[in-house]
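Scroll down for the structure; my scribbles are underneath it.
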Number of protein chains: 2
Amino acid sequence: MVNKTAVRILVEKGLKVTPQRIAVLDILLNLENHPAADTITEYLRLNYPHVPIGTVYKILDVFLEKGIVNKVQTENGIIRFDPVTEKHHHLYSLDSERIEDFYDPQLNKILEDYFSKNQIQNFKIEDIKVHLKGRFTDNLKSIK
Amino acid sequence: MVNKTAVRILVEKGLKVTPQRIAVLDILLNLENHPAADTITEYLRLNYPHVPIGTVYKILDVFLEKGIVNKVQTENGIIRFDPVTEKHHHLYSLDSERIEDFYDPQLNKILEDYFSKNQIQNFKIEDIKVHLKGRFTDNLKSIK
DNA sequence: ATTGCTGCAAACTCTTTGCAAGTTC
DNA sequence: GAACTTGCAAAGAGTTTGCAGCAAT
């Protein structure tokens, strides 16, 4: 059963609609994990047992170029991916590699106001991201 | 001429004071570049022409353990290092790999107040970092 | 003298690349 | 059929590891 949202996005971006691309985008849209390339590959192999990881990287490169995904900043040298949605921030676990989305329009407003009143010398801001580092207190297993 | 601050920090942390460690710490304290391991190695080789990069990684590992440096988050899979100083944020260039420090106690206060009033479910914040992405408007060359 | 660091080299992990065969439009 | 994507394999970049010899305490 094909993910219609994924297909629509691919068409809108003028990309050829291949089963692999649909599957990767479907994974990104549903996983909410900010997966790394090898996590995506793992999931992809449930349906396409022999996809080479190189193919996944190529798909992700195209998605990056077209603005379908963004990279998530990490400090361990492993690149992770986030489907582009509305503006949000990230919660980083100090205990694991877990990274969760954090939506907060009120905070966005406060920051925009603050920085429009307090310009930074020699720097023109285009995007503000708040990284909250701490500990999750629910019981979810750490997920990569 | 030895950097006395560097030596003091090493002694305080109970580390053996070796010329290589002094030099790496000196570079970190003076460079303000948030250098990657290979940038550090480049500078180090001005004085120690044959240091292997493996030694630099080992020194940085120890510095991380002892809290002398932190890792800087990046999105290209290259780990960069920041000597631990007072709380600050980072300006990320969208045109280059340049990353600059940004100190702003007033902003810190606003954020602390905001998040003590607005707790996040299932998450205990331990550190708040603002990442400002944009363009530098001075004439400095892009530096890694 | 003991403990721990450096230097060297090999190995490992993540990511990129080249090219032939196959797919999409 | 033209243009592009996939699959495979090899290569590249950054980082980690093991161990012998050496330096700091």
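These numbers come from a predicted model, not from an experiment. So that the names make sense, note that chain A is the first sequence line, chain B the second, and so on, each numbered from 1.
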Item to check | Rounded distance (Å) that lies between atom P of D/dG14 and atom CD1 of A/Ile78 | outcome: 15 Å
Item to check | Distance-only polar pair, side chains of A/Tyr103 and A/Thr85, donor-acceptor under 3.5 Å | outcome: yes
Checklist entry - What does A/Val51 touch in the nucleic acid at a heavy-atom separation under 4.0 angstrom: a base, only the sugar-phosphate, or nothing? => result sugar-phosphate
Item to check | Any B/Gln20 side-chain nitrogen or oxygen under 4.0 Å from OP1 or OP2 of D/dA23 | outcome: no
Next on the checklist: If you go through the side-chain atoms of A/Lys16, does one of them form a donor-acceptor pair with the base of D/dA3 closer than 3.5 Å?
Outcome noted: yes
Checklist outcome for this item: Here the distance between atom C1' of D/dG14 and atom CD of A/Glu75, to the nearest Å, is 17 Å
Item to check | Interatomic distance where NE2 belongs to B/His50 and P belongs to C/dA9 [whole Å] | outcome: 13 Å
Checklist entry - Nearest nucleotide by nearest heavy atom, which residue falls closer to the 5' end of DNA chain C, A/Val11 or A/Gly54? => result A/Gly54
Checklist entry - Closest nucleotide of DNA chain D for B/Thr55 versus for A/Leu15: which of these residues is on the 5' side? => result A/Leu15
Next on the checklist: Over 60° means perpendicular and under 30° means parallel, so tell me whether A/His34 and A/His90 are parallel, tilted or perpendicular.
Outcome noted: perpendicular
Checklist entry - Judged by atom type as modelled, is there a donor-acceptor pair below 3.5 Å linking the side chain of B/Lys87 to the main-chain atoms of B/Pro105? => result no
Checklist entry - Roughly, in whole Å, what's the span from CD1 in A/Ile22 to P in C/dT23? => result 15 Å
Next on the checklist: Taking the minimum atom-to-atom distance to the side chain of A/Tyr57, which one of D/dT5, C/dT15, C/dG7 wins?
Outcome noted: C/dT15
Item to check | Interatomic distance where CG belongs to B/Asp61 and P belongs to C/dG7 [whole Å] | outcome: 16 Å
Checklist entry - Without hydrogens or angle criteria, can the side chains of B/Asp104 and A/Tyr114 be said to hold a donor-acceptor pair below 3.5 Å? => result yes
Checklist entry - Has the side chain of B/Lys58 got a donor or acceptor that lies under 3.5 Å from a partner of the other kind on the base of C/dG4? => result no
Checklist entry - Would you say the side chains of B/Asn76 and B/Glu97 form a donor-acceptor pair under 3.5 Å? => result yes
Item to check | Phosphate OP1/OP2 of C/dC5: any B/Thr18 side-chain N/O under 4.0 Å | outcome: no
Next on the checklist: Can you measure B/Tyr48 atom OH to D/dA23 atom C1' for me and round it to whole angstrom units?
Outcome noted: 13 Å
Item to check | Separation of atom CG in A/Asn47 from atom P in D/dT6, rounded to whole Å | outcome: 15 Å
Next on the checklist: Measure CD/A/Glu42 against P/C/dC14 and give the value in whole Å, please.
Outcome noted: 11 Å
